[in-house]
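Have a look at the structure below before the remarks.
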Amino acid sequence: MRYERIPTEEPIRHLWNRLDVLASVTGATTFIKRRAEEQGIQLEDDILEEKSRGLAFCIRSAREYFNTKIEGNITSASLAYYYGTFSLLKALLITKIENPLSLKSIEEYTKYGHGLKSYVNEGVFPESEYIIILTNGFFAKFLSIFGYVVRDIGISTRYNTFSDLVNGADAQKIISFKDLVSRIPEISGMFIELFNEQPRYLAYNALNHPDHPEIEVKFQKNSEYIAFEDVYDILGWDDSISLCNYDEYGEQGIKTITKIDKNLIVNKQTHSSVLSQTCYVKPLHGINDVLLLDFMLLYHISIWVRYRPALWRELIDGEHDKYRSLITNFMIAVERVVPNLVLDRLYNKRHLFAGFSYWS
């Protein structure tokens, strides 16, 4: 992927200033025209106008939502960042030139809901918290347009209780809060501190040479809790691939004992951001796009804020307040990373916003 470097001491402000050209109808029109030309697609004038106005509105709305400060406003920020991310996902849909989607047509999908649903089970937080993906609503449409098979991920049956869901045909599609939060690399430190285990992603180093079909893989810069079973589980390997611990030149970790077929690792889609190292995230029902996992977790938290004030109070200043730092750090990560990920996808290149000292 191409890179654009933006030296700045205020990365969030300059990130939004970079996105701001799309917040004007003329800027959005120019962008969509150029993308259509690149793809060899001729847009009708009315579709171009609808897409341009919708894109500009989504970017403006998202910026307004993300203007909410986190410090001293965690409740407001939790809601605002969810709706801000919602607006940015709508922008990504509108800029899919090969379909005629506009803000108006997207509204038709949101009439059926946001496409996610939270459940509460008996037990102690956070083991009591679950979420499912539905086969209708906004999120289902987003997944479908971006190539996911929604029927394999989502649930169409209406379950009145969590017990009905657990004992039903869709039990394997239930997602726990822990399953979700364990796949957000930007908050790895908080996850490890609270759960005392390796998150469901791996950082690794695989020296790939185009002329060599086999490579050695080192799993380094992971948590102290990492075990061979984590490597097998996250990567989907079987134990025929032999692993060992190593301690070399002050560096510790796990590595393959012998070289392995490089196709087992080099073609895997990795995630990286300014707040996380490059890593492979174990797919959650086929989803390992951290932007989408962020959206799901934001939805989950927004439900606590809107409809479960007793739980929210316990999280902010009560029995479960040790999780307040996790939520706060997640919102900090969302504020910095989510708009950057969307900007990268809109322009198909990585935008690196960093201080002048970083580039010196």
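In this chain, numbering begins with 1 at the start of the sequence shown. A quick note: this is a predicted structure, and the numbers were derived from the prediction, not measured.
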Using the ring centroid of each side chain, check whether Phe228 and Tyr232 are separated by less than 6.0 Å. no
Under 3.5 Å, side chain of Tyr299 to main-chain N/O of Leu116, donor-acceptor pair present? yes
Looking at Glu98 and Lys96, is there a salt bridge between them, counting it only when a charged N and a carboxylate O are closer than 4.0 Å? yes
Answer yes when Arg60 and Glu64 have at least one side-chain N-carboxylate O distance shorter than 4.0 Å, and no when they do not. no
Is Arg324 close to Leu315 at the side-chain level, that is, under 4.5 Å between some pair of heavy atoms? no
Heavy-atom closest contact (Ala28 atom, Leu55 atom, distance): CB-CD2, 3.8 Å
For residues Ser276 and Pro185, report the shortest heavy-atom separation together with the two atoms involved. CB-CB, 3.8 Å
Please step through side-chain contact (heavy atoms from CB on, under 4.5 Å) for the pair Tyr65 and Ser87, ending with a clear verdict. CA-CA 9 Å; Tyr65 284 124; Ser87 291; 4.0 Å; yes
Those residues that, when tested against Arg13, pass salt bridge (Lys or Arg N to Asp or Glu O under 4.0 Å) (two or more places apart): Glu10
Would you kindly confirm whether Ile133 and Ile131 end up in one hydrophobic cluster when ILVMFWY residues are joined by side chain heavy atoms under 4.5 Å apart? yes
Check whether Val25 and Trp16 end up in the same hydrophobic cluster, where Ile, Leu, Val, Met, Phe, Trp and Tyr are linked by side-chain heavy atoms less than 4.5 Å apart. no
Under 4.5 Å between side-chain heavy atoms, counting indirect links through other Ile/Leu/Val/Met/Phe/Trp/Tyr residues: same cluster for Phe142 and Leu343 or not? yes
Show the nearest heavy-atom pair for residues Tyr201 and Val281, with the distance to one decimal. CB-CA, 3.8 Å
One should read off an interatomic distance between Asp20 CG and Leu15 CG, to the nearest 0.5 angstrom, of 11.5 Å
Kindly compute the distance separating CG (Leu346) from CG (Leu341), expressed to the nearest 0.5 Å. 11.0 Å
Partners passing salt bridge (Lys or Arg N to Asp or Glu O under 4.0 Å) against Glu107 (at least two apart in sequence or in another chain): none
Is the cationic atom of Lys90 (NZ for Lys, CZ for Arg) positioned less than 6.0 Å from the six-membered ring centroid of Phe57 and within 45 degrees of its normal? no
Connected via hydrophobic side-chain network under 4.5 Å: Phe66 and Val21: yes
Rounded to the nearest 0.5 angstrom, the CD1-CG distance for Ile94 and Leu89 is 11.0 Å
Asp247 (side chain) donor-acceptor with Gln252 (main chain) under 3.5 angstrom: no
Would you please name every residue forming a ring pair (Phe, Tyr, Trp, His ring centres under 6.0 Å) with His300, sequence neighbours left out? Trp304
What are the two closest heavy atoms between Phe86 and Thr110, and how far apart are they? CZ-CG2, 3.9 Å
Using the side chain to side chain donor-acceptor pair (under 3.5 Å) criterion, which residues pair with Asp289? Sequence neighbours excluded. Arg345
Six-ring centre of Tyr347, Arg18 cation under 6.0 angstrom, axis tolerance 45°: yes
Is the shortest side-chain heavy-atom distance between His212 and Lys262 below 4.5 Å? no
Distance check, rounded to the nearest 0.5 Å: Ile175 atom CD1 versus Ile287 atom CD1? 6.5 Å
Is atom CZ of Arg158 surrounded by more than 12 heavy atoms (other residues, nucleotides or ligands) closer than 6.0 Å? no
Sole residue of Phe139, Phe138, Tyr82 in ring-ring contact (aromatic ring centres under 6.0 Å, His included) with His114: Tyr82
Side-chain contact test, heavy atoms from C-beta onward, threshold under 4.5 Å: evaluate it for Tyr109 versus Asn136 and give yes or no. no
Kindly compute the distance separating CG (Leu275) from CD1 (Ile184), expressed to the nearest 0.5 Å. 12.5 Å
Could you check whether any side-chain N or O of Asp233 sits under 3.5 Å from a backbone N or O of Glu229, counting only pairs where one atom can act as donor and the other as acceptor? no
Taking every heavy atom of Ile132 against every heavy atom of Lys173, the minimum-distance pair comes out as CG2-O, 4.3 Å
Thr256 side chain to Val217 backbone, donor-acceptor under 3.5 Å: yes
Check step by step if salt bridge (charged side-chain N to carboxylate O under 4.0 Å, His left out) holds for Glu248 and Lys218. CA-CA 11 Å; Glu248 301 171 352; Lys218 290 184 175 181; 2.9 Å; yes
Using every non-hydrogen atom in the two residues, find where Val266 and Ile215 come nearest and quote the distance to one decimal. CG1-CD1, 3.7 Å
Do the side chain of Tyr148 and the main chain of Ile145 share a donor and acceptor less than 3.5 angstrom apart? no
Give a yes or no on this: more than 12 heavy atoms of other residues, nucleotides or ligands lie within 6.0 Å of atom CD of Gln39. yes
Donor-acceptor pair, Glu319 side chain versus Glu314 backbone, under 3.5 Å? no
In terms of hydrophobic clustering (I, L, V, M, F, W, Y; side-chain heavy atoms under 4.5 Å; direct or indirect links), are Val274 and Leu293 co-clustered? yes
Answer yes or no: is there a side-chain heavy-atom contact under 4.5 Å between Asp152 and His285? no
Under the side-chain hydrogen bond (donor to acceptor under 3.5 Å, both in side chains) rule, what do Asn288 and Arg200 come out as? Steps first, then yes or no, please. CA-CA 10 Å; Asn288 68 343; Arg200 294 299 87 190; over 6 Å; no
How are the rings of Phe162 and Tyr119 set to each other: parallel, tilted or perpendicular (split at 30° and 60°)? tilted
With sequence neighbours left out, what residues match His320 under ring pair (Phe, Tyr, Trp, His ring centres under 6.0 Å)? Phe125
Test item: Glu49 and Thr29 side chains (from C-beta on) under 4.5 Å apart, heavy atoms: no
Can you list every pair that meets side-chain hydrogen bond (donor to acceptor under 3.5 Å, both in side chains) and has a residue in residues 67-77, with sequence neighbours left out? Thr75-Trp312
Start with the C-alpha distance between Ile265 and Trp237, add both sets of side-chain angles, then the distance that settles side-chain contact (heavy atoms from CB on, under 4.5 Å), and finish with yes or no. CA-CA 10 Å; Ile265 192 76; Trp237 290 355; 4.2 Å; yes
If we ignore hydrogens and angles and just use 3.5 Å, is the side chain of Thr85 paired with the main-chain N or O of Tyr81 as donor and acceptor? yes
Is there side-chain contact between Asp179 and Ile174, with heavy atoms separated by less than 4.5 Å? no
Please check: side-chain N/O of Asn340 versus main-chain N/O of His351, any donor-acceptor pairing under 3.5 Å? yes
With a 3.5 Å distance limit and no angle check, can you tell me whether Thr95 reaches the backbone of Ala91 through a side-chain donor-acceptor pair? yes
Under the side-chain contact (heavy atoms from CB on, under 4.5 Å) rule, what do Tyr130 and Leu165 come out as? Steps first, then yes or no, please. CA-CA 11 Å; Tyr130 295 87; Leu165 175 59; over 6 Å; no
Does any non-hydrogen side-chain atom of Arg183 lie less than 4.5 Å from one of Lys282? yes
Does any part of the side chain of Tyr159, heavy atoms only, come nearer than 4.5 Å to the side chain of Lys117, both counted from C-beta? no
Taking Glu38 first and then Arg35, would you say they form a salt bridge - that is, a charged N and a carboxylate O separated by under 4.0 Å? no
Interatomic distance, Thr8 atom OG1 to Asn17 atom CG [nearest 0.5 angstrom]: 8.5 Å
